Amino acid sequence: MTAAIVADGVRKRYGDIQAVDGVSLHIEAGEFYGILGPNGAGKTTTLEILEGVREPDEGRIELFGRSPWPRNPELLTRIGVQFQASSFLDKLTTRETIRLFASFYRVGARQADAMLERVGLTEFGKVPADKLSGGQAQRLSIACGLVHAPEIVFLDEPTAGLDPQARRNLWDLLRDINQEGRTVVLTTHYLDEAEILCDRVSVMERGRVLRTGAPAALVRELDDVVRVSVESGLLTADVLRDELRSAGQDDAVVEDDGVSLSVATRTPGPVLSVLAEKGALRGLEVRGGTLEDVFLQLTGREYRA
């Protein structure tokens with residue numbers, strides 16, 4: 001695959017704060033790539049440097065083999081940007097807003113209106129843009145960044161502050177964008193979002209990339225325990241412990257909190273077999289590691305958005 005974005009040893013300092021500290025990334029064309037970490041990790045500054053909005057103190061950035069800084073006119077039509085916070089002119093309607101953005105790229109009104117329909121805002125075309133709900137405003141912001149059909153789309157925490165339904169609606173839109181062959185670079189502090197959407201992620205903390213890889217691959221590297229739980233009352237904890245010892249599961253940790261009977265183990269197969277033999281599968285849940293567990297292992301502290 002061809003690299004759409006290359007970053008090598010990028011650094012950015014604001015006074016005494018090292019916002020970005022030696023970040024290197026290699027993002028392939030057509031990838032859905034996530035840059036994730038808690039607030040203050042350096043995600044937004046990294047994204048702004050990749051976009052050519054901010055100049056790095058050190059390091060090399062290339063988009064399609066070209067440097068985005070100083071602002072490169074040849075790249076402007078090939079990238080689309082949705083900032084973490086967007087402000088729209090309060091005198092313009094939703095339709096007028098996207099047509100205005102389209103005009104910057106010499107895109108006609110018909111194509112602008114088609115993009116408005118695609119993000120589900122046609123019926124709000126006459127509504128002032130500053131009167132849209134949070135989810136609607138985010139969709140308009142993304143539509144403005146996509147109206148000229150860019151090859152790379154940068155999205156900075158596009159679902160921050162949205163309710164669960166609005167988040168999932170945006171996920172569907174972002175999947176569609178990526179499936180069209182566009183490279184999508186997403187920053188987020190929602191680890192579940194990164195697991196669902198991204199082909200690969202880079203975990204950042206204090207301006208540094210701690211680990212990069214496919215979400216599932218990073219989780220598998222944990223070699224963490226699997227937690228199997230069923231409804232409490234189907235078996236006693238003591239009976240389950242005895243059954244597991246008989247099955248050679250001496251290291252399994254069994255707990256019953258009155259709601260769930262749970263087992264922590266690195267070999268869940270025998271546990272599931274014992275529960276099935278005892279007819280104790282009601283409310284079954286099997287939970288492996290998550291990206292949050294990856295973050296905890298890398299940093300030694302709980303992940304906080």
Side-chain angles (χ1 to χ4, degrees), residues 31-34 36-38 41 159 162-172 174-175 178-179 186 188-205 209-305:
E31 266 198 296
F32 202 129
Y33 197 95
L36 54 133
T159 64
L162 300 186
D163 62 69
Q165 184 60 50
R167 284 182 70 202
R168 292 189 176 275
N169 289 340
L170 266 179
W171 289 357
D172 292 338
L174 300 183
R175 285 193 190 97
N178 180 240
Q179 288 170 2
L186 169 85
T188 181
H189 54 236
Y190 297 124
L191 299 182
D192 61 330
E193 183 167 275
E195 284 190 277
I196 290 170
L197 293 176
C198 296
D199 299 315
R200 287 194 302 147
V201 298
S202 286
V203 180
M204 287 190 68
E205 168 73 334
V209 173
L210 304 181
R211 191 71 60 83
T212 295
L218 294 178
V219 171
R220 282 196 297 269
E221 290 174 5
L222 284 173
D223 188 29
D224 202 3
V225 298
V226 175
R227 292 170 178 80
V228 180
S229 64
V230 294
E231 184 179 311
S232 183
L234 302 175
L235 284 176
T236 67
D238 289 337
V239 168
L240 183 54
R241 287 191 192 96
D242 291 341
E243 292 291 336
L244 292 176
R245 289 193 190 100
S246 299
Q249 295 291 294
D250 294 332
D251 60 344
V253 178
V254 180
E255 296 178 340
D256 192 337
D257 61 5
V259 177
S260 297
L261 175 65
S262 62
V263 183
T265 178
R266 282 186 164 79
T267 52
V271 176
L272 293 170
S273 294
V274 168
L275 291 173
E277 289 171 2
K278 295 295 182 180
L281 293 176
R282 191 165 63 222
L284 175 67
E285 291 184 4
V286 180
R287 179 185 178 275
T290 66
L291 277 180
E292 187 164 351
D293 297 319
V294 172
F295 184 87
L296 179 62
Q297 184 185 70
L298 291 174
T299 66
R301 67 187 185 91
E302 184 179 353
Y303 181 88
R304 294 189 184 276

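The structure displayed is predicted, hence computed values, not measured ones.
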Item to complete: Assess whether side-chain contact (heavy atoms from CB on, under 4.5 Å) is satisfied between V263 and Q249, documenting all intermediate values.
Response: CA-CA 11 Å; V263 183; Q249 295 291 294; over 6 Å; no

Worksheet item: L240 pairs by side chain to side chain contact (heavy atoms under 4.5 Å, CB included) with which of D242, L244, T236?
Response: L244

Item to complete: Starting from the C-alpha separation in whole Å, work towards a yes-or-no answer on side-chain contact (heavy atoms from CB on, under 4.5 Å) for L298 and E205.
Response: CA-CA 9 Å; L298 291 174; E205 168 73 334; over 6 Å; no

Discussion item. Measuring only between side-chain heavy atoms, which start at C-beta, is L284 closer than 4.5 Å to V228?
Written reply: yes

Fill in: Closest contact, heavy atoms only, A166 versus L162
CB-CB, 4.0 Å

Discussion item. Side chains of E243 and L235, heavy atoms from C-beta outward: is any pair under 4.5 Å?
Written reply: no

Item to complete: Take D192 and R167 through the side-chain contact (heavy atoms from CB on, under 4.5 Å) test and state the conclusion after the steps.
Response: CA-CA 11 Å; D192 61 330; R167 284 182 70 202; 3.4 Å; yes

Discussion item. If you count every heavy atom of other residues, nucleotides or ligands that lies below 6.0 Å from R168 atom CZ, does the total exceed 12?
Written reply: no

Response to the item:
Shortest non-hydrogen pair, L291 vs A194, comes out as CD1-CB, 4.1 Å

Discussion item. Pair V254, L261 - check side-chain contact (heavy atoms from CB on, under 4.5 Å), show working.
Written reply: CA-CA 7 Å; V254 180; L261 175 65; 3.9 Å; yes

Response to the item:
Closest heavy-atom pair, T265 versus A252, reported as atoms and distance to 0.1 Å, is CB-CB, 4.4 Å

Fill in: For D256 against G233, the heavy-atom pair lying closest together
OD2-N, 4.5 Å

Worksheet entry | V230 side chain reached by K278 side chain, heavy atoms, under 4.5 Å | no

Fill in: Shortest non-hydrogen separation from F32 to L197 and the atoms involved
CG-O, 3.5 Å

Fill in: Beyond-backbone contact of V294 with L191, side-chain heavy atoms, under 4.5 angstrom
no

Worksheet entry | Within 6.0 Å of CD in E285, more than 12 heavy atoms from elsewhere | no

Worksheet item: Do the non-hydrogen side-chain atoms of L36 and F295 ever get within less than 4.5 Å of each other?
Response: no

Worksheet item: Is the closest side-chain heavy-atom distance between T212 and Y33 below 4.5 Å?
Response: yes

Worksheet item: Just wondering, do R282 and L234 contact through their side chains at under 4.5 Å, heavy atoms?
Response: yes

Worksheet item: If you take all heavy atoms of M204 and P38, which pair is closest and at what distance?
Response: O-CD, 3.8 Å

Worksheet item: Between P215 and E195, is any pair of side-chain heavy atoms under 4.5 Å apart?
Response: yes

